[in-house]
Every structure is written in structure tokens, then in C-alpha cells.
Amino acid sequence: MAMTLENGSRVAIIGGGPAGSLCAYFLLTFARRMEMDLAVDIFEPRDFGQPGPGGCNMCGGIVSESLVQALAVEGIELPANVVQRGIDSYVLHTDETAVRIDTPLHERRIAAVHRGGGPRDVSEVTFGGIDGHLMALAQELGAKVVRTRVREVDWQEGLPRVSHGKSSQTYDLLVGAFGVNSAGGQLLEQLGFKDKGPTTTKAYITELNLGHEVINQYFGSSMHVFLLNIPRLDFAAIVPKGEFVTVCLLGRDIDRELVDAFFESQAVKDCFPPSYSPQEGACHCSPRINIREADRPFMDRVVLVGDGGATRLYKDGIGAAYRTAKAAALTAVFSGVSAQDFQKHYLPAYRSIAHDNRYGLVTFAVVHEIKRVRPLIRGTVRMTAREQARSGNTRSMSMVLWDMFTGSSPYRDIFFRTLAPGFVGRLTWESALSLWGNGRKNGAGDARRIAG
Amino acid sequence: MQEGSLGKEYADREVVCRQGEPGDRMYVVQAGRLEVLREEGDGEVLVGELAKGDVFGEMAIFDRQPRSATVRAKGNARVLTLDRRGFLRRVHEDPSLAFQILERMSLRIRSLNAEVVKLKHLSPPEPQRK
Ligand SMILES: Cc1cc2nc3c(=O)[nH]c(=O)nc-3n(C[C@H](O)[C@H](O)[C@H](O)COP(=O)(O)OP(=O)(O)OC[C@H]3O[C@@H](n4cnc5c(N)ncnc54)[C@H](O)[C@@H]3O)c2cc1C
């Protein structure tokens, strides 16, 4: 049997998150260009029109600047009812102060979205969030959605077979797009995958219903990022959406104690109205996040895309899902579906994400150290504030922080920019100067002004 | 501006990019309409109109020549900016990203060809040399 897709070939995609839907979208787009008919089935149990856990793929919901731009070029629009809020700046909070960083053109370049229907106490479901939107685009091109969780896969006469209920069907290609928050590993075992899949850790998300007015006043159209000296916390952000803010904590095994420490820190309290206390019973979850890729994401007629394979460390996971899904589709349509084809044409794209994460790990380790050394964190903030106050072109710290926290540039790029002698010199100078200042600089009012 | 909008808002007649300027970014229309104008001598000639989903400013990214035309909002419009370096890096990683742009450029060449034929029919025939 030829290891290529032909007119009438069938593809099964297990999982209809961003990776699965985008893979279907690109398979069908490329097949059309080649005047080839493909039958694409997406298996997905979730109904993205449902608010709460039943329709949500648990994430911070930031669509990075680079992904917004790539999708725009692809002709994939993110309409205003999918984008809960366009983000044009971010505010960096440390234990002592806060500084705001704008996009060069004061443009809304980042999209804050809901995954699926949104938090369980959402007042109105619009469009099913980014997952629903991307799935609808795949369906418009002819993908069929089968509303079921796949529990059984095996091989029949050299073809992968998917069984659910009473029906079973063989396919020419099986795409694993099941993320890391379900038992995808089981399916891989059934197929005879040697790899044990990605390494993960637990993160934390909660969605606070503050209402449009409070959000506009206190958070504005800025993403709020926190560099606090809390052990095990690698990254924390508050992302304003329509009537909700999403609080997202990433690090090693985030637990209750860490979540409490975060909400009790002065920097976080200052972001909220003075009378505010975190709601009991707000929608929250502890999803798993991929922190190290699966080693070998393919075999003959099977390929893993999105979180189930490799993702970008902590940032732009949806962007990584787009890149792996598209690379797999390109390989399948234009080259073939054998392990060799994936090795030659898919693995480079996959590896470039995985390889870049090594730089990400080092960068986050450095940030950890900076957080612990008060003059250094002060120096970082001073350097940024100075750059923002001037309209000149030297925005090196601002851009390093922007790219790091928004996931807009490869970690490797960021890493090497911070090694430039000018950069190190200026940071050292600002840190030395900061030894003369002390105390927390901003109160609640200032945080609000900064967000505004 | 609506909470969920992306890009930058331009008021009626506000210029997004100007003919002759260096081009270091390209644009994608998110909402509204824009006019493409060629400035010729003292006047301007309308050479096209852009709507949602249209990409413009991409020629300067490929050929590194100054902007060939001015683009101005016609009524309120919203436009997303893509920087040159980021775009080129992505195209080098994934050349298929340029396909969409090639497709649009080829459509534009077709309609330009049609225009050229129309103009040839309108203008008086050139004297033929024997
Ligand atoms: C706390 C946290 C915050 C994050 N914040 C961001 C952010 O702000 N921006 C960003 O870009 N990324 C973020 N990410 C990463 C992002 O969530 C993922 O990278 C992205 O969702 C990956 O997409 P995916 O399609 O591979 O997997 P998923 O989104 O997990 O989708 C997998 C799908 O497969 C389905 N599925 C699973 N098993 C089966 C089965 N057996 N049969 C059928 N269907 C199945 C599931 O129902 C699900 O719909 C965050 C992650 C975490 C944990």
C-alpha cells in the first residue's frame, strides 16, 4: 500500500482543540490546492458551545502577537466575538513597583480569548471561543466532527483503526491531537508507540467575574504579568477578557499554598478594587501543562501534533499547536505519511520548538535568580521605565520582556539579546543606581493609572 | 473601539502608509474600507479599494522599494500591522505562508492585465511603422 494520501484517502484526527482543528483545516486546504479529495474526521467529545468544564480546554487564553499575525496572513480572522479583548500593552508588577510596556504602535496586537464556551458563570456564550471558531473553519472546508471520546485504536491490515460504540473505521493517517489533559497515552500504547509521551506539570487557572466596568478601570487592555519572589512560581499573569479576568499561574506543581501566597501578595492586591476579596466558588482548574516534548512523535501513518507532542515552554502553546499541525499537514499532503516522511519533513519543525525550549528553561532560571536579588529586579524595572519614558529607539529591556512574556519571539533570540554587552552594562548601571531607592513605589491608585 | 477588536483604528481619510516612504511593515485590513491612491504630479489617482481580509504593503517587503502608493481610510477602518522582520522570519521557516500572498498578487496581475487591455482599446492606435 502506498504511504501517500490519494484522492479519497481518509484521515482521523483525535482531539478537536486548536491542534486538531488547524490540522484538519490545513490538510483540507492543501488537498484542495492539489485538487485532491480527502475525508477528514475529527473526534472530539467536548461541546465548545457549553460554558464551564464541559466545553473548555483550560488555558490562559492569550493568542500571541506572532500567532495573530501568522493567522492573519493565512486568511484566518479572529472576529470580535471570539476575541474577548484586544491587548495593546502589559504591566510588569514586581514586589515593589509596576511598569507599563506598550506596543511600538499602540496597537492591539494580542488577543485574549475564551477556550470553548468560557467560565461556568459566563452570562452569554459567543461562538464557542477559539476552539469553537477553529473547529467551525475546519467544518466549512468539509471536516466531519464525531462527538465522542476515542477509547480504542488498533491496526488492521497495516492501517490504523478507530473504534467507538458499534462502529469502527480504518484510516490512511491518524493524527493524535489529544493534548495532555486526557489519557492520550493509552491510545499511543494501543498503537505500539514506544515513547511514553510528554512530561507535564500542574498549573492553575481561575476566572474571576469582575464585570466590564471594573476591568476597564483596573486592568484596561493590558496583560498584567507578575515577577514576585514566590518559590516555585515561574510565571503569573492576569489577563482581562470581557467580563472576566483570567488568573494564570505556571510553575512546578502549583498547589493551594502557592495560589494563596499569590493572592495575598501586596502587588496582586493592589491590582484589584480595595474592597475586593477573591470569590469562593469561582470557576477554576488545575490543568496539566507540557514541559518536555515526546521524543518520537510519529510512526508509519501516525503523527502527534500540539500539546500531545511538543509545545512552547509556558508561552504561545496555541502558536506551537498551529506550527506542528501545519507542518504535519504539509508533510502528509505533499510528501507522504510514512515514518520516513515525518522524520524528514515534520521532525525539523518539531525539533525547532523543542530545541528552543532549552533556551527557555535557561531564561526562566535566570529570571528566578533576578527575582531574588532586589537590586537586579529594581534595575530591570528602572531600565524599562526609562525606555518607556523616552520615545527613542533603545527599547532593549522592554522588548526582551515583551517577547518573553507574550511569547512573540523564540527564546533563543531573547537569550542572545540579553548577552549583548550594552544590555548587560545598562542593567548593571541601573541596578547600582537602584541601591539608593527603597520601599514599594506604587499603591492601588498607581496600578490603576498604569493600567488605564 | 470595541473591546474585542484587534489592530489599530484609523479615522476617515487618515493615512496608513504614504507613497515614497520606506516600507518596513505590511498590513491586514480587519474592518472598514481603505483607498489606494497613486500621487501623480499635483493630483491623485484612485487605483484600488481594500476591504476586510485584504493584505497590503507586502510589495515593499519583497522588493525593498519605497511604497508604490498611499493607502488612506475611507470612513473608519481598522488595520493590523505585521513587521517586516517577523514576517520574513516566518516565511523562511514556513515558505507556504507566502502562498496566500502569491495567490493575491497573481489575482492582482490578472486584473491589471485586464486594465491594460482596456486602456489599449481606449487610447488612439499608435502609428504603425512600415
Ligand atoms: C495553565 C495553562 C495556561 C496556558 N495559557 C496559554 C495561553 O495563554 N496561550 C497559549 O497560546 N497557550 C496557553 N497554554 C497552552 C495551551 O493550552 C495548549 O498549548 C493548547 O491548548 C494545545 O492545543 P491542543 O489542541 O494540542 O490540545 P488541547 O487544547 O488540550 O485539546 C485537546 C483536545 O483533544 C480532546 N481529546 C482528548 N482525548 C481525546 C480522545 N481520546 N478522543 C477524542 N478527543 C480527545 C480534548 O477533549 C481536547 O478538546 C496554557 C496551558 C496551561 C495548562
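Lettering follows sequence order; numbering is per chain, from 1. Everything quoted here is computed from the prediction, not taken from an experiment.
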Legend entry - Side chain R108(A), main chain E3(B), donor-acceptor under 3.5 Å: yes

Legend entry - Over 12 foreign heavy atoms within 6.0 Å of CZ, R38(B): yes

Inset, instruction - Decide side chain to side chain contact (heavy atoms under 4.5 Å, CB included) for E77(A) and V28(B); before the verdict, give the C-alpha distance in whole Å, the side-chain angles of both, and the deciding distance to 0.1 Å. - result: CA-CA 10 Å; E77(A) 191 216 355; V28(B) 184; over 6 Å; no

Inset, instruction - Specify the closest pair of heavy atoms between S408(A) and R89(B), including all atoms of both residues, with the distance to one decimal. - result: O-NH2, 4.2 Å

Legend entry - Contact class of L97(B) relative to chain A, heavy atoms under 4.5 angstrom: both

Legend entry - NZ/NE/NH1/NH2 to OD/OE distance under 4.0 Å, D413(A) and R85(B): no

Inset, instruction - May I ask you to check whether over 12 heavy atoms, not counting those of M59(B), lie within 6.0 Å of atom CE? - result: no

Inset, instruction - Evaluate the criterion side chain to side chain contact (heavy atoms under 4.5 Å, CB included) for residue pair D94(B) and R323(A); output intermediate values, then yes/no. - result: CA-CA 9 Å; D94(B) 170 18; R323(A) 283 158 67 192; over 6 Å; no

Inset, instruction - Hey, could you give me the OG/CZ distance between S96(B) and F30(A), rounded to the nearest 0.5 Å? - result: 4.5 Å

Legend entry - Interatomic distance, R109(A) atom CZ to L82(B) atom CG [nearest 0.5 angstrom]: 7.5 Å

Legend entry - Rounded distance [0.5 Å steps], OG1 in T29(A) versus CD in Q100(B): 8.0 Å

Inset, instruction - Tabulate, in ascending numerical order, the residues of residues 40-57 of chain B having at least one heavy atom closer than 4.5 Å to a heavy atom of chain A, or enter 'none'. - result: K52(B)

Legend entry - Minimum heavy-atom distance between V73(A) and R104(B), given as atom pair plus value: O-NH2, 4.2 Å

Legend entry - Spacing of CD belonging to Q69(A) relative to CG belonging to L6(B), to within rounding of 0.5 Å: 10.5 Å

Inset, instruction - Decide if atom NE2 of H345(A) counts as having more than 12 heavy atoms of other residues, nucleotides or ligands within a radius under 6.0 Å. - result: yes

Legend entry - Residue R358(A) excluded, over 12 heavy atoms near CZ under 6.0 Å: yes

Inset, instruction - Using atom types as modelled and distance alone, determine if a side-chain donor or acceptor of E107(A) lies under 3.5 Å from a backbone N or O of T81(B). - result: yes

Legend entry - Whether over 12 other heavy atoms sit under 6.0 Å from R18(B) CZ: no

Legend entry - Contacting moiety of L330(A), where chain B heavy atoms sit under 4.5 Å: side chain

Inset, instruction - Under 4.5 Å heavy-atom distance to chain B, tell me which part of S409(A) shows up: side chain, backbone, both or neither. - result: both

Legend entry - Contacting moiety of V113(A), where chain B heavy atoms sit under 4.5 Å: neither

